[in-house]
A.B. asks: 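Sharing a structure with you now.
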Amino acid sequence: MTSPYTVRALTPAHADLANAAGVPAQLANAKYVESLARIVYYWGYPAVDTFGRTSSWQLMKEPGATLGLFPGAPKNRMGYLADYLPPSQRKVVTPNNDTIYGVCLFDLASDSVVIQTPTDVPKGHYWTIQIVDLFTNVTHQLGSASGTPGGKLLLVGPGWEGEKPAGFIDVLRSPTNVGGAFGRSFAAHAPEAKARARAVLNQIGIVPLSQDRPGRLAFDCEASARNKVFPPGLTAEMVAADPDLLRGRPVNVRTFWDDLKKALDANPTVGADDAPMAEQARTLFALRETNQAWKTLLDQVALEADAELHDGAKYHQVGVDASGNGWQRQENGGAWGTDWFGRAQAAVIYIFVNDYREAIYWIRGTDAGGALLYGRYDYTMSFPKGALPPVDRDKGGFWSLSMYDQDYYMLPASPNGRHNIGTVNLDADELEFNADGSLTLHLSHRPPTDETAKANWLPAPEGQFALIVRTYVPTQPLLDGSYKLPDVQRA
């Protein structure tokens, strides 16, 4: 079978000229392929990550808790937890400790899916259903922030043709067949708050269109959480004894090109911003099959690009200065467009972030002096009176400061039970304000000796750590950067 022209053209027409006269062209072409392959690696990394997660389809026969820890479900269904993601888990980086999750990985080539939104939501309660395509681009953000009504919506693939079915609010389109839909329901720490979060989450769900029926559908996050499913060779006891068994990069660099090809084969149509690169990727797939030299080069580029991506995707390096006080953010979070570099970085450090208009993620790994953060030191963050993060509480908005170790996991066991601090603690009247109305948070491995400081203490690991401030339903001062988060000062 003859290779496509674009593949054949990458080999110089007269590469074997006498006196090595063809060598410069060979080197030039190889450099071009090397450069292209590095960019395609960054571009395709989130797609390989997302598509790899669909392996849960084979494991999960009903919605449940994959490995007893994570929401999982068969294709085109939603699985749930009934509480926060366990802090001891060592598989998913930077989970929030604010909401209870529901997760669906869909394949719209096999069937469209019905998305049900809640009808009975307490005033001011936050919920969302974030829909992403294969590349983690947020294509739809439903929820309390956007005023989504209760009912059913039909999510369809790029090749779907038809009319909105009777009884549906709307038809939503995905630019790729495969993607994810992530439900979140805000949960404060009190038992009654978590029960309220579950009551809302039980109204959120996804089923294939072929399994829909008239009226409201019933879901049960607690039953899902009890259905703990383990792959062959792993048990609950093994995972509990050694959570690090689950550590591992979700993208296998040694099979990257084959995995990306599988992902694109399952998604022959992609969004407009990704379509040109998809064609470049297909050219590289074909080139890799022509001879061992090209295969070796492309495989080597993948190894190098993977190392470069992970070396650069750190909390003290990603994003840009966001407030003048040492905090960084990716200003286009979730709405990546053609920012393949930023999208790949996000896939490494906090994949499936919400659209930035839904939630802004402020990150940092350094103190006010530009030094890395270490738990052996004492740090403070002081909010002036009346200057807490301005979120829209009427639409469920809230904020939190979360603590992670240098690998971006929570402390397995926090001495005061805190993995984050923010709105939930303020609402529970757990924090102590200063006499002037300001609020000082304390970050350290050792507990403060002062009682007021101890009330405002967020425990840190002994070693290096990183921070996220999440602001859900941000108001304009957060969106336009006029609001300044306080710096992190080392005592």
Side-chain angles (χ1 to χ4, degrees), residues 63-65 68-71 78-89 95-103 116-130 142-145 147-148 150 182-205 216-228 354 358-359 388-389 391-403 410-411 413-433 439 441 454-459 470-473:
L69 300 171
F70 316 105
M78 180 171 276
Y80 310 82
L81 294 183
D83 205 335
Y84 305 133
L85 205 64
S88 62
Q89 67 83 26
N96 77 47
N97 205 50
D98 305 298
T99 67
I100 302 177
Y101 281 101
V103 172
Q116 179 173 282
T117 55
T119 56
D120 183 12
V121 181
K123 181 177 174 55
H125 180 86
Y126 178 82
W127 69 272
T128 189
I129 303 173
Q130 171 203 18
L142 315 176
S144 57
T148 305
F182 308 100
R184 297 176 177 91
S185 180
F186 175 68
H189 299 155
E192 60 271 19
K194 290 186 177 180
R196 185 164 56 248
R198 288 189 288 267
V200 173
L201 195 60
N202 282 342
Q203 302 173 60
I204 294 171
R216 298 288 295 174
L217 303 173
F219 303 98
D220 190 337
C221 63
E222 291 177 283
S224 176
R226 288 193 298 268
N227 179 28
K228 300 180 179 182
N354 290 289
E358 178 81 15
L388 295 174
V391 294
D392 191 338
R393 296 300 303 273
D394 290 340
K395 295 182 178 179
F398 63 95
W399 68 272
S400 67
L401 168 69
S402 295
M403 172 72 66
M410 293 186 286
L411 276 69
S414 168
N416 66 357
R418 285 180 183 163
H419 301 281
N420 63 357
I421 196 168
T423 297
V424 295
N425 309 95
L426 291 163
D427 288 350
D429 200 25
E430 296 174 353
L431 305 182
E432 297 286 343
F433 285 79
L439 176 67
L441 304 182
K454 186 177 289 187
N456 299 346
W457 177 41
L458 179 60
R470 291 176 169 90
T471 52
Y472 287 80
V473 200

A.B. asks: Checking Ser402 now: which residues fulfil side-chain hydrogen bond (donor to acceptor under 3.5 Å, both in side chains) with it, not counting sequence neighbours?
C.D. replies: Arg470
A.B. asks: Taking only residues two or more places apart in sequence, or in another chain, which ones meet Glu430 in a side-chain hydrogen bond (donor to acceptor under 3.5 Å, both in side chains)?
C.D. replies: Asn425
A.B. asks: Does a side-chain heavy-atom distance below 4.5 Å link Leu431 with Ile421?
C.D. replies: yes
A.B. asks: Considering non-hydrogen atoms only, spot the tightest contact between Gln203 and Thr119 and give its length.
C.D. replies: OE1-N, 3.0 Å
A.B. asks: Return the CG to CD1 distance between Leu201 and Ile129, rounded to the nearest 0.5 Å.
C.D. replies: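 That separation rounds to 9.0 Å.
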A.B. asks: How far does SG of Cys221 sit from OH of Tyr80, to the nearest 0.5 angstrom?
C.D. replies: 8.0 Å
A.B. asks: Please list, chain by chain and in numerical order, all residues satisfying side-chain contact (heavy atoms from CB on, under 4.5 Å) with Ala65, sequence neighbours excluded.
C.D. replies: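 Ala65: side-chain contact (heavy atoms from CB on, under 4.5 Å) contacts with Leu81, Lys228.
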A.B. asks: Can you check whether Pro415 reaches Trp457 side chain to side chain, under 4.5 Å on heavy atoms?
C.D. replies: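 They are in contact (side-chain heavy atoms under 4.5 Å apart), so the answer is yes.
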A.B. asks: Under the ring pair (Phe, Tyr, Trp, His ring centres under 6.0 Å) test, which residues partner Phe182, sequence neighbours left out?
C.D. replies: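 In terms of ring pair (Phe, Tyr, Trp, His ring centres under 6.0 Å), with neighbours along the sequence ignored, Phe182 is linked to Phe352.
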A.B. asks: If you compare all heavy atoms of Ala225 against all heavy atoms of Ala82, which two are closest, and at what distance to 0.1 Å?
C.D. replies: CB-N, 3.7 Å
A.B. asks: Would you give the length of the straight line joining atom CD1 of Ile100 to atom CZ of Phe186, rounded to the nearest 0.5 angstrom?
C.D. replies: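 Here the rounded value is 10.5 Å.
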A.B. asks: Tell me every residue that passes salt bridge (Lys or Arg N to Asp or Glu O under 4.0 Å) with Arg196, counting only those two or more places apart in sequence or in another chain.
C.D. replies: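 Result, salt bridge (Lys or Arg N to Asp or Glu O under 4.0 Å) vs Arg196: none returned.
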A.B. asks: With side-chain contact (heavy atoms from CB on, under 4.5 Å) as the criterion, how do Leu439 and Asn456 come out once you've worked through the C-alpha distance, each side chain's angles and the decisive distance to 0.1 Å?
C.D. replies: CA-CA 9 Å; Leu439 176 67; Asn456 299 346; 3.9 Å; yes
A.B. asks: For Asp220, what residues pass the salt bridge (Lys or Arg N to Asp or Glu O under 4.0 Å) criterion, not counting sequence neighbours?
C.D. replies: none
A.B. asks: Among residues at least two apart in sequence or on other chains, which ones pass side-chain hydrogen bond (donor to acceptor under 3.5 Å, both in side chains) with Thr148?
C.D. replies: Ser146
A.B. asks: Show the nearest heavy-atom pair for residues Pro118 and Ile204, with the distance to one decimal.
C.D. replies: CD-CG1, 3.6 Å
A.B. asks: How far apart are the closest heavy atoms of Leu217 and Gln116, and which atoms are they?
C.D. replies: N-OE1, 2.7 Å
A.B. asks: Among residues two or more places apart or on two chains, list those pairs meeting side-chain hydrogen bond (donor to acceptor under 3.5 Å, both in side chains) that have a residue in residues 184-193.
C.D. replies: His125-Ser185, Gln130-Arg184, Arg184-Asn354
A.B. asks: Side chains of Phe70 and Gln89, heavy atoms from C-beta outward: is any pair under 4.5 Å?
C.D. replies: yes
A.B. asks: Which atom names give the shortest non-hydrogen contact between Leu69 and Leu85, and what distance separates them?
C.D. replies: O-CD1, 3.1 Å
A.B. asks: Going by ring pair (Phe, Tyr, Trp, His ring centres under 6.0 Å), name the residues that satisfy it together with Tyr101, two or more places apart in sequence or in a different chain.
C.D. replies: none
A.B. asks: Provide the closest heavy-atom pair for Pro63 versus Met78 in the form atom of the first, atom of the second, distance.
C.D. replies: CB-O, 3.4 Å
A.B. asks: Which value, rounded to the nearest 0.5 Å, describes the distance between Lys395 atom NZ and Glu358 atom CD?
C.D. replies: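 Taking NZ in Lys395 and CD in Glu358, the distance rounds to 10.0 Å.
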A.B. asks: Using 0.5 Å steps for rounding, measure from the OG atom of Ser144 to the NZ atom of Lys123.
C.D. replies: 11.5 Å
A.B. asks: Considering residues at least two apart in sequence or located in another chain, which fulfil the side-chain contact (heavy atoms from CB on, under 4.5 Å) criterion with Thr423?
C.D. replies: Arg393, Phe398, Trp399, Asp427
A.B. asks: For residues 413-422, which residue pairs qualify under side-chain hydrogen bond (donor to acceptor under 3.5 Å, both in side chains), counting only residues two or more places apart or in two chains?
C.D. replies: Asp98-Asn420, Ser414-Asn416
A.B. asks: Can you tell me how far CG of Leu388 sits from CG of Leu426, rounded to the nearest 0.5 angstrom?
C.D. replies: 6.0 Å
A.B. asks: So, using side-chain contact (heavy atoms from CB on, under 4.5 Å) as the criterion, who are the partners of Lys194 when residues are at least two apart?
C.D. replies: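 For Lys194, the residues satisfying side-chain contact (heavy atoms from CB on, under 4.5 Å) (neighbours in sequence not counted) are Asp83, Tyr84, Ala187, Arg198.
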